> 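Have a look at the structure that comes next, please.
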Amino acid sequence: MSGNASGSVSVSTGRTPREILQAQGKLTPNVVAVQSGGKIYDLHTPLPEGAELSVINVNDPQALAVIRHSTAHVLADAVQRLYPGTKVTFGPAIENGFYYDFDRKDGQFTDADFEKIEAKMREIVAGDVPFRREAVTRDDARKLLQGMGESYKVEHLERLQGEISLYRHGDWVDLCEGPHVPSTGFLRAVKLTSVAGAYWRGDERNPMLQRIYGTAFPSQKELDAYLHALEEARKRDHRKLGKELELIGFHPWAPASPFFLPRGAQVYRRLIDYVRDLYDRFGYQEVVTPQIYDHELFVKSGHAGAYREAMFKAATVEDIERATAALQKAPADIEKVIEEHLRFDVKPMNCPGHCLMYAMTRRSYRELPMRIADFGRLHRFERSGVTQGLTRVRTFCQDDAHIFCTLDQMQSEIIAFLELVYTVYQDFGFTDVRVVIATRPDTRMGSDEVWDRAESALKTAVERKALQFEIAEGEGAFYGPKIELHLKDALGRPWQLGTIQVDFNMPESFDLGYVAEDNSMHRPVMLHRAMLGSVERFFGVLVEHVGGAFPTWLAPEQVAVLTVSEKVNDYANEVVALLRRSGIRVIADLSSDKLGAKIRNARNLRLPYLAVLGQKEADGRGASVRCRDENKELGFLTLDELISRVRGEGIPPSLRSS
RNA sequence: GCCCCGAUAGCUCAGUGGUAGAGCAGCGCAUUCGUAAUGCGCAGGUCGUCGGUUCAAAUCCGACUCGGGGCUCCA
C-alpha cells in the first residue's frame, strides 16, 4: 500500500501526504485526501516541499469530487471487463456525480446494462484494492497506451503539459491527474443514472461516444437522500405541473410550441401586465410591430447570414408557384430563386424592426434615450434535440426592449436596467441569480476603444449594484459585450433569463443617427435588454420555483368559494358576484361533493385562499377562510376583510403601498 | 442534427404472441353533508402513424412523428 510504485520514473520530488500524515500519526481510516494551498491532493501525490496541509475526511464536502472521480475509474474498469475492446476517454466528476465517455465498438449501452455494470463495480469495490499513482515520461505513457490500444488517451496525451501521471487500481490503469481515494473500498454508494451520446471533445464533427452518467456518495444514506431529493424536484417539473394544473399543453402538430390554457394564460397575461406597468413608470414606450418582413430586412441586420438556420420562411402559394416556374426554367439557380421569390421571413428577433422604426423620422438628441418595448411573438427554429418544455421552444415572446441612446447615456441606462431587473426578480422571489459578463470575442466589429468603454460600463454597473459576477472572456456577441442573468430550474439546470447587451453594429448597419446639440449627426448606441427574457421560459422556471403555488398577485384564481351544502348556493352566488365586482379572481365549487372533497380539489390546484360558506357564514355575512401560504385557517372573516386582504396581496410586492 | 429511452381511455399507469384492464377525471342517480377523496351505476381505446414477420401482434422487427435524458462541468 505504498504511494509511488517502485520502478517507475518519478518526476516529482517531495513527500506524499500519506507519508507526511503517517509520520504525524494522523492517517486515520477516514482520510480521503488533503487540501493544500487551495488545491486538493490525494494521498498518492507528492506535495511541494514544506507545504501546509489540512486533512479531508470521507464525509467532508471536498471528498465528494474525489470519490466520484474514483468511481468513474471503477466504472470504466467494470465496463472494460464486461465489454472488452471498449476504449476509454474522459471520466470527470461533475456537479451531481460523474460520467465516463466510452467508445464501444460492438454495440450501445442501455439502461438495462446498468444492473450488470453496477454489480461488477460493487465487486471491484469489495476487493478494496488500493489506488496507486505513477509519474511517467511522455514516451513511457505513449508506449503503454498504444500497447493497450487506447487511441483517445494517446491523442489526449500529446496535448498534455506538465507532469504526466498514471493511476492504477488492481490491474486497471488510466492516464489521469487524479486525485483519487486511497482504495476502492472508499466507494460505498454508487448508482448509474443514465446513458447518453456525447461527441469526443464535445465537437459534432468528432465521433459520438457513449456516455454513462452516475453518482456516488460516501454512504448509502446520502445517496438515498440525493435520489429522494431528485424525485421531489421532478414533482416540481413545470411540464408535469403545467399539465396537472391545466396551465399549458402541447400538440404534435405544433412541435415545441406551447399552448397556454385558460389558467396558464391568466398567469402569462399577468406577467406581461406586470412588466407593462413597470414600463409606464420607467419611461419605456411600447410598440406593436410586424411579424413577417421582407427578407431584405434580415440581410441588412445580418440575421440572414449568422442566424439563417434558426429562421422560418413565410411563403404564399403564389410565391411557391412563381418559384416553381422559375426553377423549371433555370433548375440550377435554386438559391437565387428562393431569394427572389420566397421573399418573406418570420422575425426571430424584434431589433431589426425597431431599427426601421427608429429611422422612420429624423431623430434629435432630445429624444434620447429612447426606450422601445415590444411583446412581439418570435419564432426560431430550434433543432429537434434541444427543445424542452417551456424552457426551449420555437415560438415565444420576450419582455424585449431596445434602448437607443448616446454613448454618454450608456452607463446610466445600464445601471437603471440592473436596478429594475433586480426589483423584478425580488418580486418573484428569485434570489439565486448568477451574473455573467461576456466580453469581446476574437472576431468582432468596432474599435477597441469603444469595446473598452462598453465593457467597463457593464462592469461598473454590476459593481455599483455590489453584485457577485463572473467574466466569460470572449463570449460576447460580435456586436458588443453583455451581461447575462441566469436562474436555475427545479433540477438545478441554469437558464439565461435577463440580459443587457451593448450593440454598436446594428445602428451602423441601419445607418441610424441623431442630430446632436451642435447640429452634427451622431450614431446612437443600441442596448438590447430583457428582464424575464422569454416569457415562456420565465413561466417555466417560475412554476418550478413556486412549485405551482403562484403568489396571489399572479394566481389564475385567488379565492375558491366552497359551500358546505347546496343549501347555501344562493349566498355563495352572492359572494362570488361581490368578489368579482371587487376585482378578485374567484371560482366556486357548488357541487354536491362533501366539503372535504372540495377542499382537497382546491388545494390540489394550489389556490391561495379558500372561502368556506355554510349556514353560519351566510347568517354572519362572511366566510370561513383558509390561507394557503400561512397554511392555516384564518377563521371567520367578513366579506370586506376578505376582499381587502386579497386585494392587498393582489398587487406585486414592490408596488404595495407601505 | 446525433446517441439512449418512451408513447395503451382526458390523466396516472398495468398488461411479453391467443377475446384490451385498473384508479382518478367525465356523465347519470342517490346523498345535503363543517375543513385533504360519499355511495351506486354508465360511458369511454384503430394500443402514436405506416409497413413487415406470424395462423394470430398492444406485445417481435423496421421506418417515421412526438415527447424525455444527454451532447467539454476537458486525463
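All values derive from a computational prediction rather than experimental measurement. Numbered from 1 within each chain, the chains take letters A, B, ... in sequence-line order.
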> Using the C1' atoms only, state how far U8(B) lies from U49(B), rounded to an integer number of Å.
15 Å

> Within the 4.0 Å heavy-atom criterion, would you say Tyr167(A) contacts the bases, only the backbone, or no part of the nucleic acid?
nothing

> Sort out the partner of C60(B) for me: Watson-Crick or G-U wobble, both distances under 3.5 Å, none otherwise.
G52(B)

> Using the P atoms only, state how far U12(B) lies from C71(B), rounded to an integer number of Å.
26 Å

> Using Watson-Crick or G-U wobble geometry with both distances below 3.5 Å, tell me the partner of C27(B), or none.
G41(B)

> Base, sugar-phosphate, or nothing: which does Val88(A) touch, judged by heavy atoms less than 4.0 Å apart?
nothing

> Determine the Euclidean distance between corresponding C1' atoms of G1(B) and A9(B); express it in Å to zero decimal places.
35 Å

> Is Gln210(A) touching bases, backbone alone, or none of the nucleic acid, heavy atoms closer than 4.0 Å?
sugar-phosphate

> Aromatic contact between Trp200(A) and Phe90(A), with the criterion being ring centroids under 6.0 Å apart: yes or no?
yes

> Identify the residue among Gln161(A), His156(A), Glu155(A) that makes a side chain to side chain donor-acceptor pair (under 3.5 Å) with Arg159(A).
Glu155(A)

> Hey, does the side chain of Arg236(A) reach the backbone of His545(A) with a donor-acceptor pair shorter than 3.5 angstrom?
yes

> Scan Thr193(A) against the nucleic acid and name what it touches under 4.0 Å (heavy atoms): base, sugar-phosphate only, or nothing.
nothing

> What is the nucleic acid contact for Leu209(A), judged by heavy atoms within less than 4.0 Å: base, sugar-phosphate only, or nothing?
nothing

> How is Glu617(A) classified with respect to the nucleic acid when contacts are heavy atoms under 4.0 Å: base, sugar-phosphate, or nothing?
base

> Determine the Euclidean distance between corresponding C1' atoms of C50(B) and A43(B); express it in Å to zero decimal places.
31 Å

> For RNA chain B, note the earliest and the latest nucleotide, 5' to 3', having some atom under 4.0 Å of a heavy atom belonging to chain A.
G1(B) to A75(B)

> Between U19(B) and C42(B), how far is it from one C1' atom to the other, in whole Å?
22 Å

> For U32(B), give the paired nucleotide (Watson-Crick: N1-N3 plus N6-O4 or O6-N4; G-U: N1-O2 and O6-N3; both under 3.5 Å), or none.
none

> For Ala256(A), report the nucleic acid contact type (base, sugar-phosphate, nothing); a contact means any heavy atom under 4.0 Å.
sugar-phosphate

> Need one value for Glu566(A): base, sugar-phosphate or nothing, where a base atom within 4.0 Å counts as base even if backbone is also close, heavy atoms only.
base

> Assign Gly178(A) to base, sugar-phosphate, or nothing according to its heavy-atom contacts below 4.0 angstrom with the strands shown.
nothing

> Paired with A7(B): which nucleotide, if any, by Watson-Crick or G-U wobble criteria at under 3.5 Å for both distances?
U65(B)

> Please give the distance between the C1' atoms of G41(B) and G67(B) as a whole number of Å.
37 Å

> For Glu204(A) and Asn604(A), find the nucleotide of RNA chain B closest to each by heavy atoms; which residue's nucleotide sits nearer the 5' end?
Glu204(A)

> Counting N and O atoms only, with roles assigned by atom type, does the side chain of Lys598(A) sit under 3.5 Å from a partner on the main chain of Leu562(A), one being a donor and the other an acceptor?
no

> For A14(B), what is the paired nucleotide under Watson-Crick or G-U wobble rules, both distances under 3.5 Å?
none

> Quote, to the nearest angstrom, the P distance that separates C47(B) from G34(B).
47 Å

> Answer with base, sugar-phosphate or nothing: what part of the nucleic acid does Glu244(A) contact at a heavy-atom distance below 4.0 Å?
nothing

> Does Gly596(A) or Glu95(A) map to a spot on RNA chain B nearer the 5' end, using the closest nucleotide for each?
Gly596(A)

> By the 4.0 Å heavy-atom rule, please label Phe250(A) as base, sugar-phosphate, or nothing.
nothing

> Taking only residues at least two apart or on different chains, which pairs with a member in residues 378-387 of chain A satisfy salt bridge (Lys or Arg N to Asp or Glu O under 4.0 Å)?
Glu204(A)-Arg383(A), Glu382(A)-Arg392(A)

> Is a donor on one side and an acceptor on the other found under 3.5 Å between the side chain of Ser257(A) and the backbone of Pro255(A)?
yes

> Assess the pair Phe539(A) and Phe260(A): is the distance between their ring centroids shorter than 6.0 Å?
yes

> Taking any heavy-atom pair under 4.0 Å as a contact, classify Lys153(A): base, sugar-phosphate, or nothing.
sugar-phosphate

> When the P atoms of G62(B) and A7(B) are compared, how many Å lie between them, rounded to an integer?
15 Å

> Test of understanding: with salt bridge (charged side-chain N to carboxylate O under 4.0 Å, His left out), list the residues that count as partners of Asp345(A), not counting sequence neighbours.
Lys313(A)

> NA contact type, Arg211(A), heavy-atom cut-off 4.0 Å: base, sugar-phosphate, or nothing?
sugar-phosphate

> Assess the pair Tyr100(A) and Phe98(A): is the distance between their ring centroids shorter than 6.0 Å?
no

> Scan Ala198(A) against the nucleic acid and name what it touches under 4.0 Å (heavy atoms): base, sugar-phosphate only, or nothing.
sugar-phosphate

> Applying a 3.5 Å limit to both distances, which nucleotide forms a Watson-Crick or G-U wobble pair with C2(B)?
G70(B)

